[in-house]
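Quick caveat, the model's predicted, so the values are computed rather than measured. A note on names: the letters A, B, ... follow the listed sequences, proteins ahead of strands, and every chain is numbered from 1.
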Amino acid sequence: MQLSPLEIIRRESLQKLRELGINPYPAEEFKTTATIKDILANFDAFEGKEVVLAGRMMSRRIMGKASFAELKDASGRMQIYINRDEISSDDEGTMYNTVFKKLLDMGDIIGIKGDVFKTKVGEESVNVKELTVLSKSLRPLPVVKTGADGKVHDAFSDAELRYRQRYVDLIVNDHVKETFIKRTKITNSIRDFFNKRNYLEVETPILQPIPGGAAARPFKTHHNALDMPLYLRIANELYLKRLIVGGFDAVYEFSKDFRNEGMDRTHNPEFTVMELYVAYKDYHWMMNMTEELLEKVAMDSNGTPEVQIGENMVSFKAPYPRVPILEAIKIHTGFDVAGMGENELKEVCKKVGVAVDETMGIGKLIDELFGSTCEHHYIQPTFITDYPKEMSPLTKEHRSNPALTERFELMVNGKELANAYSELNDPIEQRARFEEQLKLTEKGDDEAMFIDQDFLRALEYGMPPTSGIGIGIDRLVMFMTNNSSIQEVLFFPQMRPEKKAVEMSEDEKAIFNILKANSPMLLNDLKTQSGLSNKKWDKTIKDLTKKNIAKINNTEEGLFVELGK
RNA sequence: GACCUGGUAGCUCAGUUGGUAGAGCACCUCCCUUUUAAGGAGGUGGUCCUGGGUUCGAGCCCCAGCCCGGUCACCA
């Protein structure tokens, strides 16, 4: 491993600490007596009192025999004051002159014991009397400074570095931590709301033999012992409904779902959906519940129902308008598409500039129409209701119009936040709808649904009328924290693997150089030219292929070696 | 998948018609006992994303590729 000069210095400091008899990674518990947030919030009560704190040293101002440093613990940051004669026990002032000034660095984790006080200029500080090294940091952190005016200098802002090394992002960018704390507040708020109603939080399979409950391309894997394919779930809907069949009145799950599709700033291959199913309810009830829930979530996470989302101020205060989708299309395009067939719909699409193709059925056409002409208009929370049957295979037929279903999507800031139905519980109708989906598959829609026979069997035993909802948690967190990228609300968003610099041995380099000159070449020629012994040749070429530097091809003309990617 | 930006020191970024690779912070040495983007003096540090090409000479121009980001397509 190639170390930078800064890293070498830190490793030398580590060694010198050991030589002084200081363990840079001590095992003992370090008992703290306060948190920085507490001290700052109740300064008068702490002033003059002794505290023990632990945290990371984020900056240092050394002024001869005294220094100031910034200590950051999990709760906040505060200044500490370190005086040579206060922390050193010997005449040389080793603890100060050598340990603190020379061997410690920004980023080191230390424990301090000292008295709370206020400096001449009024900064709340701790006058350190004892300093303990708790963990030496071997890599330099990005240096971010904040001016007196709150202006941040040299912010650690490179998105790639921030996502790949989220731990660094969390250390130096305090607002990032706030986002994730808020994320947990949001999910806690939802759990609290449901648990108070005695809804049961459950867990259902992530590895599924049939990926059902949504239309999306799944990730496929393989179980060795069973020798069968398994899929990572794209939704958990069909399993939660089985539990409603089993007699639970209300079940919910925060479900990590996986979809093998494109990635952009609103899509990550793994994401979180909260799905809830409540027996004996319908989608009207579900809209009422959703309004109530989201207003509470906004209050719990932000203290107000008003949330700034980009340029828009969005209010989650209930109630929200309810607009049938065909009505929305009429409002925004002027076309009444109710009852139209496929060809008529395609005409309308063409007139309003929506691209169509052969695989699109009525459902997809209406969805496209809504998506491109209406969706972006709904900034304030709005329930779009009564979707056409073709695009909702798991939804109960509308009680007063057989062409529609009892479904709603909740639009916020022009994006879908939730999707809910009066669930289809007629097993015969459900089987027919699945078969419709199968036809779509044959037509070329690779995202149409699979048929889950066991789910149909469950429905045949009888499922009570039920309403269900799925809420996109990542999106909800994006709204509540005013982030426009899903990567900002996931600790570890999916990234392409970093390319690692592959290190080669001398033998490997020699073969690599021969190969570079004439790839591909006959394996035997390469072996001869390398001049290696049989054993050495075998090990070297195997290591090269393992590292994907070389590739062996068995062709009719013989064994060839070529450069890998 | 298509198009557009970008990739230079540990971090944030400059880099002129193609002519010795720069700044601030960080780091190292020294001074400094209530400072705060601490200050003062001096110094170290580079695979200019990778590989080709053009050229006497490439961080810069050309070609191919890699990676991040953005826009679009896709995502009921």
Proximal nucleotide (of [options]) relative to the [X] side chain:
{"X": "A/Val143", "options": "B/G10, B/U34, B/U12", "answer": "B/G10"}
{"X": "A/Ala159", "options": "B/C68, B/U12, B/U34", "answer": "B/C68"}
{"X": "A/His153", "options": "B/A37, B/U36, B/C11", "answer": "B/A37"}
{"X": "A/Arg164", "options": "B/C68, B/G10, B/C74", "answer": "B/C68"}
{"X": "A/Arg265", "options": "B/U34, B/G70, B/G10", "answer": "B/G70"}
{"X": "A/Lys120", "options": "B/C11, B/U35, B/A38", "answer": "B/U35"}

Nucleotide [N], atom [atom2] - distance to [atom1] of [X] in whole Å:
{"X": "A/Arg162", "N": "B/U12", "atom1": "CZ", "atom2": "P", "result": "11 Å"}
{"X": "A/Glu7", "N": "B/G45", "atom1": "CD", "atom2": "P", "result": "17 Å"}
{"X": "A/Arg496", "N": "B/C66", "atom1": "CZ", "atom2": "P", "result": "8 Å"}
{"X": "A/Asp264", "N": "B/C68", "atom1": "CG", "atom2": "P", "result": "14 Å"}
{"X": "A/Met58", "N": "B/A26", "atom1": "CE", "atom2": "P", "result": "14 Å"}
{"X": "A/Gln165", "N": "B/G10", "atom1": "CD", "atom2": "C1'", "result": "11 Å"}
{"X": "A/Glu70", "N": "B/A37", "atom1": "CD", "atom2": "C1'", "result": "11 Å"}
{"X": "A/Asn260", "N": "B/C74", "atom1": "CG", "atom2": "C1'", "result": "13 Å"}

Spacing of the [atom1] atoms in [M] and [N] (rounded, Å):
{"N": "B/C61", "M": "B/G24", "atom1": "P", "result": "27 Å"}
{"N": "B/G40", "M": "B/C32", "atom1": "C1'", "result": "9 Å"}
{"N": "B/U12", "M": "B/A26", "atom1": "P", "result": "15 Å"}
{"N": "B/G57", "M": "B/C4", "atom1": "C1'", "result": "32 Å"}
{"N": "B/C25", "M": "B/G18", "atom1": "P", "result": "32 Å"}
{"N": "B/U50", "M": "B/G10", "atom1": "P", "result": "13 Å"}
{"N": "B/U20", "M": "B/C66", "atom1": "P", "result": "33 Å"}
{"N": "B/G53", "M": "B/A2", "atom1": "C1'", "result": "27 Å"}

*Check the pair A/Asp386, A/Tyr283 against side-chain contact (heavy atoms from CB on, under 4.5 Å), reporting the backbone distance first and the verdict last.*
CA-CA 10 Å; A/Asp386 303 342; A/Tyr283 76 139; 2.5 Å; yes

[Y]/[X] salt bridge by N-O under 4.0 Å criterion:
{"X": "A/Glu406", "Y": "A/Lys396", "result": "no"}
{"X": "A/Arg431", "Y": "A/Glu435", "result": "no"}
{"X": "A/Arg11", "Y": "A/Glu7", "result": "no"}

Any base atoms under 4.0 Å from [X], or only sugar-phosphate, or nothing? Heavy atoms, all strands.
{"X": "A/Gly363", "result": "nothing"}
{"X": "A/Arg61", "result": "base"}
{"X": "A/Tyr387", "result": "nothing"}
{"X": "A/Gln487", "result": "sugar-phosphate"}
{"X": "A/Asn127", "result": "nothing"}

*Determine whether the aromatic ring centres of A/Tyr378 and A/His332 lie less than 6.0 Å apart.*
yes

*Taking the six-membered ring of A/Phe492 as reference, does the NZ or CZ atom of A/Arg166 fall below 6.0 Å from its centre and within a 45° cone about the axis?*
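No - A/Arg166 does not lie over the ring of A/Phe492 by the 6.0 Å and 45° rule.
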
*Is the Lys NZ or Arg CZ of A/Arg60 less than 6.0 Å from the centre of A/Phe100's six-membered ring, within 45° of the axis?*
yes

_Within residues 96-109 of chain A or reaching into it, pairs that qualify as side-chain hydrogen bond (donor to acceptor under 3.5 Å, both in side chains) - sequence neighbours excluded_ =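 side-chain hydrogen bond (donor to acceptor under 3.5 Å, both in side chains) check on residues 96-109 of chain A returns A/Ser67-A/Tyr96, A/Asp105-A/Lys136, A/Asp108-A/Lys136.
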
*asked:* With a cut-off of less than 4.0 Å, is there a side-chain N or O of A/Lys145 near OP1 or OP2 of B/A26?
replied: yes

*asked:* Partner lookup for B/G42, please. Criteria are Watson-Crick or G-U wobble with both distances under 3.5 angstrom; report none if nothing qualifies.
replied: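 B/G42 is paired, partner B/C28.
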
*Which nucleotide, in any strand shown, forms a Watson-Crick or G-U wobble pair with B/U54, with both distances under 3.5 Å?*
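Base-paired to nothing in any strand shown.
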
_Return whichever of A/Thr266 or A/Glu160 has its heavy-atom-nearest nucleotide of RNA chain B closer to the 5' end._
A/Glu160

*Summarise how protein sits on nucleotides 27-33 of chain B as a single string, 5' to 3': B when a protein heavy atom is under 4.0 Å from the base, S for sugar-phosphate-only contact, - for no contact.*
SSSS-BB

_Set out, in order, the CA-CA distance, both residues' side-chain angles and the distance that settles side-chain contact (heavy atoms from CB on, under 4.5 Å) for A/Lys145 and A/Asp154, then state yes or no._
CA-CA 7 Å; A/Lys145 292 193 173 184; A/Asp154 298 335; over 6 Å; no

_base_contact_polar (B/G24 base, A/Asp154 side chain, donor-acceptor, <3.5 Å)_ =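 Result: at least one qualifying N/O pair found.
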
_Can you say whether a donor on the side chain of A/Gln79 sits under 3.5 Å from an acceptor on the base of B/U35, or the other way round?_
yes

_For A/Lys37, is the NZ atom crowded, meaning more than 12 foreign heavy atoms sit under 6.0 Å from it?_
no

